[in-house]
Undergrad: 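Dropping the structure in here first, questions after.
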There are 2 protein chains.
Amino acid sequence: MATKRTYQQYCGLASGLDVVGERWTLLIVRELLMGPARYSDLLANLPGLGTNLLAERLKFLVGKGVIEQVDVRGTGAQLAYALTPVGEELRPVILGLARWGMEFVGELRAEDAVRPQWGFLAVEAMLDQRRASDLTESYEFQVDDEVFHIAVADGRASAVKGAAVEPVMRAKTDAATFVQIGGGRLTPLMAMVTGRLVLEGDMDAVVRCCELLGLETGAPASR
Amino acid sequence: MATKRTYQQYCGLASGLDVVGERWTLLIVRELLMGPARYSDLLANLPGLGTNLLAERLKFLVGKGVIEQVDVRGTGAQLAYALTPVGEELRPVILGLARWGMEFVGELRAEDAVRPQWGFLAVEAMLDQRRASDLTESYEFQVDDEVFHIAVADGRASAVKGAAVEPVMRAKTDAATFVQIGGGRLTPLMAMVTGRLVLEGDMDAVVRCCELLGLETGAPASR
DNA sequence: CGGAATCCCGGTGGATACTG
DNA sequence: CAGTATCCACCGGGATTCCG
């Protein structure tokens, strides 16, 4: 145990991988990108990860200053893990890798796990700030039992957990459909036709939201 | 062998990690970011990687369309591996992780491997396009026996292998010093004083180059 | 010589049972 | 609920051998 396996290379990438390169580690960080989570939350959302591994990874990441234990909701009653500022700096890296990996998500298979928050992540990864509208508006997403929204203001777009105050558009769908749309395997139009996606609100806003996410709506006259 | 271990999650990040998340894989891609490399080049620059693992990883990555075999220099005489466009899209991800990992490169230890191209990578990772000068100029770096340069033109900076045509600045150093400077563990001034870094050319250009890389020169009156 | 298959064996990691 | 302990399959590191 004293002999932690490392690459022993004097290089930023190798050193980074020595910290977050081992199996499951980046997926744990992914879960924490959506906010603090408890041990059992992580275990539930990472099927296949053993309890010993999770404990070991968490301890290791705490030691490296990537995550920390926080008490959420009251005085020490509920412990949880959260990203430190150093861990938070992994967000663009993880979003970038998630976008890259979209290329490789195939058809949904029976044995694949799906979680709403991964759709959330997909949307955040697809956000293209350069296409952010000048308008101030927000789009709400209800994915299974999770709700989040994209808030556009001052030409900046951000993905946030929770409901929007006055969304100009609301999308309701399931996690699998959401990931498929995010990965470009399914157009919003196709999803609507098959009843897997329900859109409410201003249809112009829907178009703006699709543009913001770099999505083809599935309607003709695009690319 | 038919049962490749995967995360089985319907998520871009998990799918991406199923492709490049295994041990050594991203380091192999890192080497190819600097241009095509042959099997033995890779083996030489990745100490600790076994021949079987390298062969397996290469085959796997070729199968996934991340890399491909190319014949460099003549007709099929010299085979080499190169990134495909898909693999090339990993560049920003790897540079981001390399920058993040800089935080964790400690003191150089005797057993650590160092390569000039990793310093090259470090510099590329530190390039901040927003600070690119309006001037058109280039800075040359001689790191051990490797030479590369940063070319600034049209407000864009890029890191390129090989010598510059008419560099306004030339830096000579060793790979370890270079990585340390890149990681902020050493200021250029400190490196010069200790004789590990030699700078030639226009000293104003040196300052501009440092700014481009987000480096403190080590001189007073900064931060 | 470049590229890769075949061994062996130690360490990682997956599954389950158990404990504070 | 939050981990710890234990078992064992299998991945990965090293050397050797093989093929072209």
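Worth knowing before you read on, the calculation uses all heavy atoms, side chains too, and leaves out hydrogens, waters and symmetry mates. Just so it is clear: chains get the letters A, B, ... in the order the sequence lines come, proteins before strands, and each one is counted from 1.
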Undergrad: Between A:Gly50 and B:Gln69, which residue's closest nucleotide on DNA chain C lies nearer the 5′ terminus?
TA: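 Its nearest nucleotide lies further toward 5', so the answer is B:Gln69.
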Undergrad: Table please: side-chain donor-acceptor pairs of residues 106-116 of chain A below 3.5 Å, with sequence neighbours left out.
TA:
{"from": "A:Glu107", "atom 1": "OE2", "to": "A:Arg185", "atom 2": "NH2", "distance (Å)": "2.6"}
{"from": "A:Asp112", "atom 1": "OD2", "to": "A:Arg109", "atom 2": "N", "distance (Å)": "3.2"}
{"from": "A:Arg115", "atom 1": "NE", "to": "A:Asn45", "atom 2": "OD1", "distance (Å)": "2.9"}
{"from": "A:Arg115", "atom 1": "NH2", "to": "A:Ala44", "atom 2": "O", "distance (Å)": "2.9"}

Undergrad: Taking CG from B:Leu43 and P from C:dG2, how many angstroms apart are they, rounded to a whole number?
TA: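 Interatomic distance, CG of B:Leu43 to P of C:dG2: 10 Å.
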Undergrad: Counting any heavy atom closer than 4.0 Å, what does B:Ser40 reach on the DNA or RNA strands: base, sugar-phosphate only, or nothing?
TA: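 It contacts sugar-phosphate atoms only.
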Undergrad: Can you tell me if the side-chain N/O atoms of A:Tyr39 get under 4.0 Å from OP1 or OP2 in D:dT4?
TA: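 No, no such contact exists.
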Undergrad: Would you say the base of D:dG14 and the side-chain of B:Asn52 have a donor-acceptor pair closer than 3.5 Å?
TA: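 Answer is yes: a donor-acceptor pair is held.
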Undergrad: Look at the side chain of B:Leu53 and decide which nucleotide, out of C:dA17, D:dG13, C:dG14, has an atom nearest to it.
TA: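 Per side-chain heavy atoms of B:Leu53, the pick is D:dG13.
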Undergrad: Please check the phosphate of C:dG10 (OP1 and OP2 only) for any side-chain N or O of A:Arg5 closer than 4.0 Å.
TA: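 No, A:Arg5 has no side-chain N/O under 4.0 Å of OP1/OP2 on C:dG10.
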Undergrad: Are OP1 or OP2 of D:dG13 and a side-chain N or O of B:Trp24 less than 4.0 angstrom apart?
TA: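 Looking at the OP1 and OP2 atoms of D:dG13, one of them is under 4.0 Å from a side-chain N or O of B:Trp24.
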Undergrad: OP1 or OP2 of C:dG14 sitting under 4.0 Å from any side-chain N/O of A:Arg23?
TA: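 Result: yes.
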Undergrad: Hey, is the side chain of A:Arg57 poking within less than 4.0 Å of OP1 or OP2 on C:dG13, counting only N and O atoms?
TA: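 True: A:Arg57 side-chain N/O within range (under 4.0 Å) of C:dG13 OP1/OP2.
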Undergrad: Counting only heavy atoms not in A:Glu166, do more than 12 sit closer than 6.0 Å to its CD atom?
TA: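 Check fails, neighbour count at 12 or below.
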Undergrad: Please examine the side chains of A:Leu215 and A:Thr187, heavy atoms only from C-beta on, and report whether any two atoms are closer than 4.5 Å.
TA: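 No; the side chains remain at least 4.5 Å from each other.
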Undergrad: Is a side-chain donor-acceptor pair under 3.5 Å present for B:Asp18 with B:Ser15?
TA: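 No, no side-chain donor-acceptor pair sits under 3.5 Å.
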Undergrad: Would you say A:Lys59 reaches D:dA2's phosphate, i.e. side-chain N/O to OP1/OP2 under 4.0 Å?
TA: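 For D:dA2, OP1/OP2 do not have a side-chain N/O of A:Lys59 under 4.0 Å.
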